[in-house]
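Please read the structure below before turning to the comments.
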Amino acid sequence: MKFVQTAADPHSNARCGLITTDHGEIRTPIFMPVGTVGSVKGVYHKELKDDINAEIILGNTYHLYLRPGLKTLRAAGGLHRFESWDRPILTDSGGFQVFSLTQIRKITEEGCTFQSHIDGSRHIFTPENNVDTQRVIGADIMMALDECCPGDADYRYAAKSLKLTQGWLERYAKRFHETEPLYGYDQTFFPIIQGCVYPELRIQAAEHALRFADAGIAIGGLAVGEPTEKMYEMLETVCPVIPADKARYLMGVGTPANLLEGIARGIDMFDCVMPTRNGRNGMLFTWNGIMNMRNAKWENDFSELDPYGTSFVDHQYSKAYLRHLFVAKEMFAGMIASEHNLAFYLDVVRQSRMHIEAGDFAEWKEEAVRKVTSRL
RNA sequence: GUGCGUGUAGUUCAGUUGGUAGAGCACCAGAUUGUGGUUCUGGUUGUCGUGGGUUCGAGCCCCAUCGCGCACC
């Protein structure tokens, strides 16, 4: 797998690039729909490809390890074949889920022990078994096991947490290079930069992580409770440290405005549950602003869902109809909203690429941010 | 027709020995950032069926009346 930069915006740090994998190419900047348990909730793979044009999707090691489990995944021949998706997949290590989903957990030098949110059973993730697990899942891009430090952590905690993450990364890389892909196509892994909101920790973390980076590197521990401005500051701190030949992945982010601001600071890859989870809850993102489809004001608005939308749902269904589906708690509501939101997110990065190549991204971005943050 | 029961927010109901009403859901908004098909945070809503009476004071006690339910003629 490799990454090459193909264009750069003259007035910002935005850039375009191309990631090449054995499952096809990914044009960056890109947004990656989240498919935690082996499905992008409520969206057919056919729609993901043909309508949304997702070039890569996510899976999650924590969830897939618990269910269906490694035995089934191995017997299926890996996640691609299991869920019948022939484009690239990235798997998160599950470190974040251990911290966000599990109350009962313990972090040690060795790894993290936790109880399943499904049946309470006890498990341990170590850097070594996490590599093995992600080999079985078979993602094109594997993520290193890290500790996601809360955004409001004090310096002492953040420094200690970073040290742990760095120790885990060294072991993770060692195991990665000692093992082989299981299904005949290449796998790579991204190390993760932590360091909370402390610039010196972030820079130190970046320099350390870069020693293990192949095609790309991730920035984690952002959008986890710190002010948004702090997140942008950290991107401005870290991105210049990363050489141009590494793809930069901002984990778990974010709003459409976060994407645009991230791209302007040099980020190439994003993932976030927001378009799907908030979509299932009635929140729609559009070039006209944010809509809450549950609001009474749509009750008799029979105009098309989103006149600027790129998805077929935007022109086939009306606002009033979608509101009705949400009020009636029909699962079709979540499906339409997810399809729209993902198509919109992919449109945001597609238009960003277009403007970077045209050299007018910085100027266009200002207006775009205003549009996507307004309310309808 | 007779007997018993019942009537309180849009809805299901709570409401102590009488001190002018609350909850869940619904409804109206807001939050949600490496997904537990959620969760959280606010807000609106009442001629206590109606008319009288007792009382300083009635959702509560008394009378009448109307609606509904059940049982029996």
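Basis for what follows: all heavy atoms, side chains included, without hydrogens, waters or symmetry-related copies. Letters A, B, ... mirror the listed sequences (proteins, then strands); counts begin at 1.
At the heavy-atom level, Ile118(A) lies nowhere under 4.0 Å from the strands shown. Residue contacts for Val40(A): at a heavy-atom cut-off of 4.0 Å it reaches no nucleic acid atom on any strand shown. Glu299(A) comes within 4.0 angstrom of nothing in the nucleic acid, heavy atoms only. Among the heavy atoms of the strands, none lies under 4.0 Å from Gly35(A). Within 4.0 Å of Asp146(A), counting heavy atoms only, lies at least one base atom of the nucleic acid.
Nearest nucleotide to the Arg280(A) side chain, out of rU33(B), rG34(B), rG37(B): rG37(B). Between rA29(B), rG36(B), rG34(B), one nucleotide has an atom nearer to the side chain of Asn295(A) than all others, and that is rA29(B). Among the nucleotides rG37(B), rG34(B), rA29(B), the one closest to any side-chain atom of Lys41(A) is rG37(B). Here rG37(B) is the nucleotide among rG37(B), rG34(B), rC27(B) with the atom lying nearest to any side-chain atom of Met331(A). The side chain of Arg375(A) has rG30(B) as its nearest neighbour among rG30(B), rG34(B), rC28(B). Across rG36(B), rG34(B), rA31(B), the shortest atom-to-atom separation from the side chain of Cys272(A) is found for rG34(B).
Distance, Ile141(A) CD1 to rG34(B) P: 18 Å, rounded to whole Å. Between the CG atom of Asp92(A) and the C1' atom of rG36(B) there is a distance of 16 Å, rounded to whole Å. We find that CE of Met283(A) is positioned 19 Å from P of rG37(B), with the value rounded to whole Å. The nearest whole Å value for the distance from the CD atom in Gln194(A) to the C1' atom in rG34(B) is 10 Å. Distance Ile267(A) CD1 to rU33(B) P: 19 Å, rounded to the nearest Å. What separates CE of Met32(A) from P of rG34(B) is a distance of 12 Å, to the nearest Å. Computed from coordinates, the Phe31(A) CZ to rU33(B) P distance equals 13 Å when rounded to whole Å. Between the CG atom of Leu58(A) and the C1' atom of rU33(B) there is a distance of 13 Å, given to the nearest Å.
Hydrophobic clustering, defined by side-chain heavy atoms of Ile, Leu, Val, Met, Phe, Trp and Tyr closer than 4.5 Å, groups Leu305(A) together with Leu284(A), Met291(A), Met293(A), Trp298(A), Phe312(A), Val313(A), Tyr317(A), Tyr321(A), Leu322(A), Leu325(A), Phe326(A), Phe332(A), Met335(A), Ile336(A), Leu376(A).
Considering only residues two or more places apart in sequence or on other chains, Lys46(A) meets the salt bridge (charged side-chain N to carboxylate O under 4.0 Å, His left out) condition with Asp50(A). Scanning for salt bridge (charged side-chain N to carboxylate O under 4.0 Å, His left out) contacts around Arg277(A) gives an empty result, with sequence neighbours left out. Taking Ala159(A) as the reference, Tyr155(A), Leu201(A) meet the side chain to side chain contact (heavy atoms under 4.5 Å, CB included) condition, with sequence neighbours excluded. A search for side-chain hydrogen bond (donor to acceptor under 3.5 Å, both in side chains) contacts involving Asn341(A) returns nothing, not counting sequence neighbours. Among residues two or more places apart in sequence or in another chain, the side chain to side chain contact (heavy atoms under 4.5 Å, CB included) test is passed with Ala205(A) by Leu162(A), Gln166(A), Ile193(A).
Spacing of P atoms, rC27(B) relative to rA21(B), comes out at 27 Å, to the nearest Å. On the P atoms, rA64(B) is 15 Å away from rG1(B), given to the nearest whole Å. Distance check on atom P: rG3(B) versus rU44(B) gives 46 Å, rounded to whole Å. Rounded to whole Å, the C1' atom of rG52(B) lies 14 Å from the corresponding atom of rC66(B). rG46(B) and rC63(B) are spaced 26 Å apart, taking the C1' atom of each and rounding to whole Å. Comparing the P positions of rU47(B) and rG43(B) gives a spacing of 22 Å, expressed to the nearest Å. Between rC13(B) and rU6(B), the two C1' atoms lie 13 Å apart (nearest whole Å). As rounded to the nearest Å, rA26(B) and rG7(B) have P atoms that lie 25 Å from one another.
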Donor-acceptor contacts under 3.5 Å from residues 360-367 of chain A side chains, at least two apart:
residue, atom, partner, partner atom, Å
Asp360(A), OD1, His355(A), ND1, 2.9
Asp360(A), OD2, His355(A), ND1, 3.4
Trp364(A), NE1, His355(A), NE2, 3.3
Lys365(A), NZ, Glu261(A), OE1, 2.8
Glu367(A), OE1, Arg370(A), NE, 3.3
Glu367(A), OE1, Arg370(A), NH2, 3.0

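Among residues at least two apart or in separate chains, ring pair (Phe, Tyr, Trp, His ring centres under 6.0 Å) pairs with a member in residues 156-178 of chain A are Tyr172(A)-Phe189(A), Phe176(A)-Phe189(A). Here ring pair (Phe, Tyr, Trp, His ring centres under 6.0 Å) pairs that include residues 238-282 of chain A, with residues two or more places apart or in two chains, number zero.
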For RNA chain B, the dot-bracket notation using Watson-Crick and G-U wobble pairs below 3.5 Å, [ ] for pseudoknot-type crossings and | for other-strand pairs, is (((((((..((((.....[..)))).(((((.......))))).....(((((..]....)))))))))))).
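A donor and an acceptor atom never sit less than 3.5 Å apart when one is taken from the side chain of Asn60(A) and the other from the base of rG34(B).
Side-chain atoms of Asp22(A) come within 3.5 Å of backbone N or O of Asp186(A) as a donor-acceptor pair.
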- Item | Derivation of the ring pair (Phe, Tyr, Trp, His ring centres under 6.0 Å) call for Phe285(A) and His340(A) | CA-CA 8 Å; Phe285(A) 300 94; His340(A) 160 84; 8.5 Å; no
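Between Leu18(A) and Thr28(A), the shortest heavy-atom contact is N-OG1, 4.2 Å.
Taking for each of Gly221(A) and Asn292(A) the nucleotide of RNA chain B with the nearest heavy atom, the 5'-most of the two is the partner of Asn292(A). For Met335(A) and Met274(A), each mapped to the nucleotide of RNA chain B holding its nearest heavy atom, the one lying further toward the 5' end belongs to Met274(A).
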Produce the list of close N/O pairs, under 3.5 Å, pairing protein atoms with atoms of nucleotides 38-42 of chain B; give distances to one decimal.
residue, atom, partner, partner atom, Å
rU38(B), O4, Asn281(A), ND2, 2.8

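Met331(A) and Leu342(A) sit in two unconnected hydrophobic clusters of ILVMFWY residues. Membership requires side-chain heavy atoms under 4.5 Å apart, directly or through other members.
In this structure, Arg122(A) fails the cation-pi test against Phe114(A), since its NZ or CZ atom is not both closer than 6.0 Å to the six-membered ring centre and inside 45 degrees of the ring normal.
The stretch residues 237-258 of chain A touches RNA chain B through Met251(A), Gly252(A), Val253(A), Gly254(A), Thr255(A), Asn258(A), each having a heavy atom under 4.0 angstrom from the strand.
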